[in-house]
Enquirer: 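Below: one structure in structure tokens.
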Amino acid sequence: MSAQQHSGHGAGHHDAHDSHGDIGYHATVKGYAIGFILSVILTAIPFWLVMGKVLPSSLTAIVILAFAGVQMVVHMIYFLHLNAKVEGGWSLLALVFTGALVVILLSGSIWVMYHMNTNMMPMPDAQTMRNMP
């Protein structure tokens with residue numbers, strides 16, 4: 001018995017994934033529907049919190065940021081199809097690397113701006129500058 005017949009494929013049968021390898025994720029209508037429903041819920045709850053003034057404003061802001069983070073994860077899983085199986089995990093690794101770069105760039109920029117502001121020489125006000133000879 002040949003290897004092709006042993007794998008369950010007949011001699012004339014050709015699978016579309018044989019030449020490209022398995023992509024690791026197959027999109028389904030059910031997956032898109034679940035993603036859509038989760039996205040609507042994750043949008044409606046913060047909207048209700050703001051419109052109903054249910055929580056204090058500082059707590060509402062934190063809750064909205066948390067819901068935004070969860071919604072980003074839902075979009076990445078259900079719509080962008082990112083997981084550890086797709087492309088041998090390389091797409092997820094690229095996402096993690098991109099996230100790390102964004103965190104480093106943002107925190108570094110904030111750090112530099114903070115220290116530049118603290119370490120700047122004090123400038124005299126405009127009135128003092130006009131009266132100088």
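Reckoned from all heavy atoms, side chains included, excluding hydrogens, waters and symmetry mates. Model, not experiment: these values are computed from the prediction.
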Enquirer: Cluster question for you: counting only ILVMFWY and a side-chain heavy-atom cut-off of under 4.5 Å, with indirect links fine, are Met72 and Phe36 together?
Expert: no

Enquirer: Taking all heavy atoms of Thr43 and all of Gln71, pick out the closest pair and write down the distance.
Expert: OG1-NE2, 2.9 Å

Enquirer: Please report the closest heavy-atom contact between Trp111 and His115, naming both atoms and the distance.
Expert: NE1-NE2, 2.8 Å

Enquirer: Is it true that Ile41 and Phe47 fall in one hydrophobic cluster, defined by side-chain heavy atoms closer than 4.5 Å?
Expert: no

Enquirer: Please report the interatomic distance CG(Leu106) to CG(Leu101), rounded to the nearest 0.5 Å.
Expert: 10.5 Å

Enquirer: Among Ile64, Val50, Leu49, which one satisfies side chain to side chain contact (heavy atoms under 4.5 Å, CB included) with Leu55?
Expert: Leu49

Enquirer: With rounding to the nearest 0.5 angstrom, report the OG1 to NZ distance, Thr60 to Lys53.
Expert: 10.5 Å

Enquirer: Could you give the distance from CE (Met76) to CG (Asn83), rounded to the nearest 0.5 Å?
Expert: 12.0 Å

Enquirer: Considering non-hydrogen atoms only, spot the tightest contact between Ser107 and Val103 and give its length.
Expert: OG-O, 2.7 Å

Enquirer: Looking at residues at least two apart in the chain, or sitting in another chain, which of them share a ring-ring contact (aromatic ring centres under 6.0 Å, His included) with Trp48?
Expert: none

Enquirer: Check whether Ser109 reaches the backbone of Leu105 with its side chain - one donor and one acceptor, N or O, closer than 3.5 Å.
Expert: yes

Enquirer: Where is the tightest heavy-atom contact between Gly35 and Phe79, given as atom of each residue plus distance?
Expert: C-CZ, 3.5 Å

Enquirer: Atom CG of Leu95 and atom CH2 of Trp90: how far apart are they, to the nearest 0.5 Å?
Expert: 14.5 Å

Enquirer: Let me know which of Val74, Val70, Ile77 forms a side chain to side chain contact (heavy atoms under 4.5 Å, CB included) with Leu38.
Expert: Val74

Enquirer: Does one hydrophobic cluster hold both Val73 and Val96, with members joined at side-chain heavy-atom distances below 4.5 Å?
Expert: no

Enquirer: Please check if Ile45 and Ile37 belong to a single hydrophobic cluster, counting links between Ile, Leu, Val, Met, Phe, Trp and Tyr side chain heavy atoms closer than 4.5 Å.
Expert: yes

Enquirer: Measure the NE2-CG distance between His75 and Leu80 for me, rounded to the nearest 0.5 Å.
Expert: 9.0 Å

Enquirer: Quick check for you: to the nearest 0.5 Å, what is the distance between Phe67 atom CZ and Ile62 atom CD1?
Expert: 13.5 Å

